[in-house]
Amino acid sequence: MTTEERLWEWVRTHLAHVLGVPPESIAYQRALSSYGLDSVDAVLMAGELEEAFGIEIDPARFIDCDSFEDIVKTLAADIDKSGPHVAIS
Amino acid sequence: MTLLERDPLSGLCPANRYGIYCELRERSPVYWSTVHSSWVLTRYADVSAVLRHPNALALDGAQFVESLSQRGKLNLASVAQLWSSISFFTRPPRHDAVRRILAQALGGIWRLNLPDLLKQRADRLLSEGEREGSIDLASGYGKLLALFVIGAALGVPEEDLLELSGVAGGMVSAFERILPSLRSLVKLDKSAAPLLDYFSRLIQLRRRSGADDGASLLVRLADQQLGCSDRELAGYCTFFFVAAEETTSAAISGAAHLILQRPALRAQLSGDLSLVPQAAREMLRLVSPVQYVWRQVGEDLRLEGQLIRAGEPLMLVLGAANRDPGVFRNPNDVDLERKGPESLVFAAGPYRCIGAQVAAFEVEVAMRALLAKPRIQLAPQPPVSSERMNIAPLLQLPAYFV
């Protein structure tokens, strides 16, 4: 699995849990706000993602991106650049 | 809205901010920042209009932390307590009540013979430096004077001040971004808890044996008319402490830096101390200890041709507005003849800084004391500034006596 795939898998599972819907129903091309989620959700998700992947994420990025794809791709690039010390399990 | 390739605010720091502000003011006075998830306003007229807009509200930080705690099942009780005591994080009608309490408590400071006490302290710090041959005008002057005043105002024993300052240090980082990270909130909660505990103990002490200080006054106000708990009072004290220390410290050391860099101005002020209040206003305008604040407006708004929807966050860059050449001619100069509108150093409108008068007074006293020491000069080592974007006081401003 690529870093991008792992990240997206995590984000999708997390959101499915928050929204109480099956993960398959969360679309890569859509944005957080289109699921009715707000800045509180963004801060919580960014916080958990930081824990899971050992990275720093500005929660505002989830609010401002047009799609999950945008942010997941950027984060994946950051993680890949920062090297093997990043714990991805 | 401009589609800037890279958000100009992404690398903002005290060293480069005025160049960035200048470009934004000229080219993109209203733009959507991806870094801050807000509209960014840099012109005086726009910033002032939003601050004074009858429908402008502060971000509801207290509500935000409460929702975060509930939905995330987190214990952020101390941040929640502190946030609900912060006047610029609350909305009407609570805002009016919080503001009234804080203003009354702060007003009590003038009973303390503050002018003399502060002057004596400023003279003493500088004279000690003179004996030693050097002084750090940031950590050993601006910061200590700011702490002295807030300590005296609240009735904190002097021997506790530096330790409290150590705990509170860095708490203003929470005002860097519109959305704090979870990690920073958890850290903030860890700092807020001992401060709230400390001020709770102080209030209990004053309840048993009152004194002539801010904490005793708060207790009396609470009992007579406010109807708030001791824990709430501790929240107000903590807010005062955190809000006053780094901002006033930034103002005093920033002013000291500006004076010592300008020998002609220094000579002029030393020759005529009646110019000090106007000089202090100019210093405050140039330093702008709080560089930006956020607001939301309850209705659609059009600024510089850009439509801003109701509720969208606006980042008002006070530091940029205060150097807008359209309002302040030769904005980077200290101009003792300057007329025209007041700077926005303390913001404006319903959320204007409650401590404005006290802070301006502190800067004046600190300047007068400094002017009385003609042998003091800036050391060759450059000053060291905090790397924060918003409230970023000088950390070191080495000076020596010739």
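Chain A is the first sequence line, chain B the second, and so forth, proteins listed ahead of strands; every chain is numbered from 1. All values below come from the heavy atoms of this structure, side chains included, with hydrogens, waters and symmetry mates left out. Keep in mind that this is a model prediction, so the values were computed, not measured.
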Checking A:V43, A:V18, A:D38 against B:R71 for side chain to side chain contact (heavy atoms under 4.5 Å, CB included), the one that qualifies is A:D38
Rounded to the nearest 0.5 Å, the CD1 atom of A:I63 sits from the OG1 atom of B:T34 at a distance of 13.5 Å
Got more than 12 heavy atoms from elsewhere within 6.0 Å of NZ, A:K73? yes
One option among B:L185, B:I178, B:L182 has the most heavy-atom pairs under 4.5 Å with chain A, and it is B:L182
What's the shortest heavy-atom distance between B:S181 and A:P59, and which atoms? CA-CG, 3.9 Å
Nearest heavy-atom contact between A:S39 and B:L179 is CB-CD2, 3.6 Å
